[in-house]
Engineer: 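Sharing a structure here in structure tokens format.
The chain is numbered in sequence order, starting from 1.
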Amino acid sequence: MPAPSSTALAAPAPAAVTSRRGVALLAGAAAAASFISMDSVIKLISPRYDAFQLSFFRFASGAVFAVLLWLWHRSPLPQRSAWRLHALRSALLLVSLVTYFHALTVLPLAMTVAISYLAPILVSVLAVLVLHERPSPWIWLALLFGFGGVFVTLWPELNASLHGAGSGRLLGIASVGLSALAFSGVMVLARQQAQNDSMWTILLIQNVLPMLLLAVPAGLTWKPVQVADLLQIALAGGFATVGLLSLTYAFTRLEASRVAPLEYTSFIWATALGYVLFGEVPSATTGVSAALIVTGCLLLMRR
């Protein structure tokens, strides 16, 4: 009997592959929960600071965690040719968060999150155009359920905004749309970078670069930081760190179009945290939305 080839010996068992994919899916869901927790903390202190200062808080506190983790692991920095993509991703992340944090100051948490779910749709489209991925029909079906859940909760709020809300609320809706567009670019680039750079290196760059870029605009309208807010600022950085590490882990093991729909799970967290922290009572449409979103995510994990 011939000896098995080295390729055959190296090939992972189907069960092991399935297990790793399952862990990656859980990491993607953990990222969504971490990011929405960060959003909630930012919304708590948003009445006292503008969007630029809030964004600076997020990146500065995240940079503390990122630098410590990078010093511990000492992962190599990117080659010169890769810095252009890191700079582009940092700029897109900056646009995404500044516009998103502005929306948090004028819109309910669940509504802001719902509109941001344009991002997974855009990610799946960009993954086909940029990364040449070929999502299966099951992924598109999962996206359809998720987007349906978003539409159910968004339509009453959007209709009320168009007919009775002021310009500030409409500007908030437009800000979330721009944030979703920018964040879709962030996620596609994350998938591409995760194949080449260590997660510790990515974490370092994606906190330090935006922090430096925000220093001037945040300084122009800087308001004194209240001591009571320091804990929330540190929590925001911690949640952002866990979210980015979880997202990077997921992207190293799964296609971007498969990870993106997991963003829909954060709507469940947004509804719960909106009720507990801000007294935003979920409506009947929220329950329908949650059911559609969970169905989409179950389809994604099953297939």
Engineer: Roughly how far, to the nearest 0.5 Å, is CD of Gln232 from CE of Met38?
Structural biologist: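 Here the rounded value is 14.5 Å.
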Engineer: Could you pull out all donor-acceptor pairs under 3.5 Å where a side-chain atom in residues 234-241 meets a protein atom, sequence neighbours excluded?
Structural biologist:
from   : atom 1 : to     : atom 2 : distance (Å)
Thr241 : OG1    : Gly237 : O      : 2.8

Engineer: Does anything in residues 24-39 pair up under side-chain hydrogen bond (donor to acceptor under 3.5 Å, both in side chains), and if so which pairs, sequence neighbours excluded?
Structural biologist: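 Only Asp39-Tyr100 qualify under side-chain hydrogen bond (donor to acceptor under 3.5 Å, both in side chains).
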Engineer: Taking the side chain as every heavy atom from C-beta outward, state whether Leu212 and Phe59 have any atom pair closer than 4.5 Å.
Structural biologist: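 With C-beta onward as the side chain, the pair stays apart.
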Engineer: If a pair satisfies ring-ring contact (aromatic ring centres under 6.0 Å, His included) and one of its residues is in residues 207-227, list it, with sequence neighbours excluded.
Structural biologist: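 Pairs touching residues 207-227 that pass the test: Phe56-Trp222, Phe57-Trp222.
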Engineer: Which ILVMFWY residues are connected to Ile205, directly or by a chain of links, through side-chain heavy atoms under 4.5 Å apart?
Structural biologist: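 In the cluster with Ile205 are Trp83, Leu209.
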Engineer: Applying salt bridge (Lys or Arg N to Asp or Glu O under 4.0 Å), which residue pairs with at least one partner in residues 268-279 are found, sequence neighbours left out?
Structural biologist: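 Listed by first then second residue: nothing to list.
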Engineer: Not counting sequence neighbours, which residues clear side chain to side chain contact (heavy atoms under 4.5 Å, CB included) with Ala180? List them please.
Structural biologist: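 For Ala180 the side chain to side chain contact (heavy atoms under 4.5 Å, CB included) partners, ignoring immediate neighbours, are Leu118, Ala119.
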Engineer: When the side chains of residues 65-74 are checked against the rest of the protein, which donor-acceptor pairs come out under 3.5 Å, sequence neighbours left out?
Structural biologist:
from  : atom 1 : to    : atom 2 : distance (Å)
Trp70 : NE1    : Ser75 : O      : 2.9
Trp70 : NE1    : Ser75 : OG     : 3.4

Engineer: Give every donor-acceptor pair under 3.5 Å between a side-chain atom in residues 84-97 and any protein atom, sequence neighbours left out.
Structural biologist:
from  : atom 1 : to     : atom 2 : distance (Å)
His86 : ND1    : Gln193 : NE2    : 3.1
His86 : ND1    : Gln206 : NE2    : 3.4
His86 : NE2    : Asp197 : OD2    : 2.8
Arg89 : NH1    : Gln193 : OE1    : 3.4
Ser90 : OG     : His86  : O      : 2.9
Ser90 : OG     : Gln206 : OE1    : 3.2
Ser96 : OG     : Ser179 : O      : 3.3
Ser96 : OG     : Ser179 : OG     : 3.2

Engineer: Do any pairs count as a side-chain hydrogen bond (donor to acceptor under 3.5 Å, both in side chains) and have a residue in residues 49-59, sequence neighbours left out, and if so which ones?
Structural biologist: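 Of all non-adjacent pairs touching residues 49-59, those that pass side-chain hydrogen bond (donor to acceptor under 3.5 Å, both in side chains) are Tyr49-Asp229, Asp50-Thr221, Arg58-Asn207.
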Engineer: Got Pro47 and Thr105 here, is their nearest side-chain heavy-atom distance under 4.5 Å?
Structural biologist: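 When only atoms from C-beta onward are counted, Thr105 and Pro47 do not touch, as no gap falls below 4.5 Å.
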Engineer: Which pairs with one or both residues in residues 200-216 pass salt bridge (Lys or Arg N to Asp or Glu O under 4.0 Å), sequence neighbours excluded?
Structural biologist: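 Output for this query is empty, none listed.
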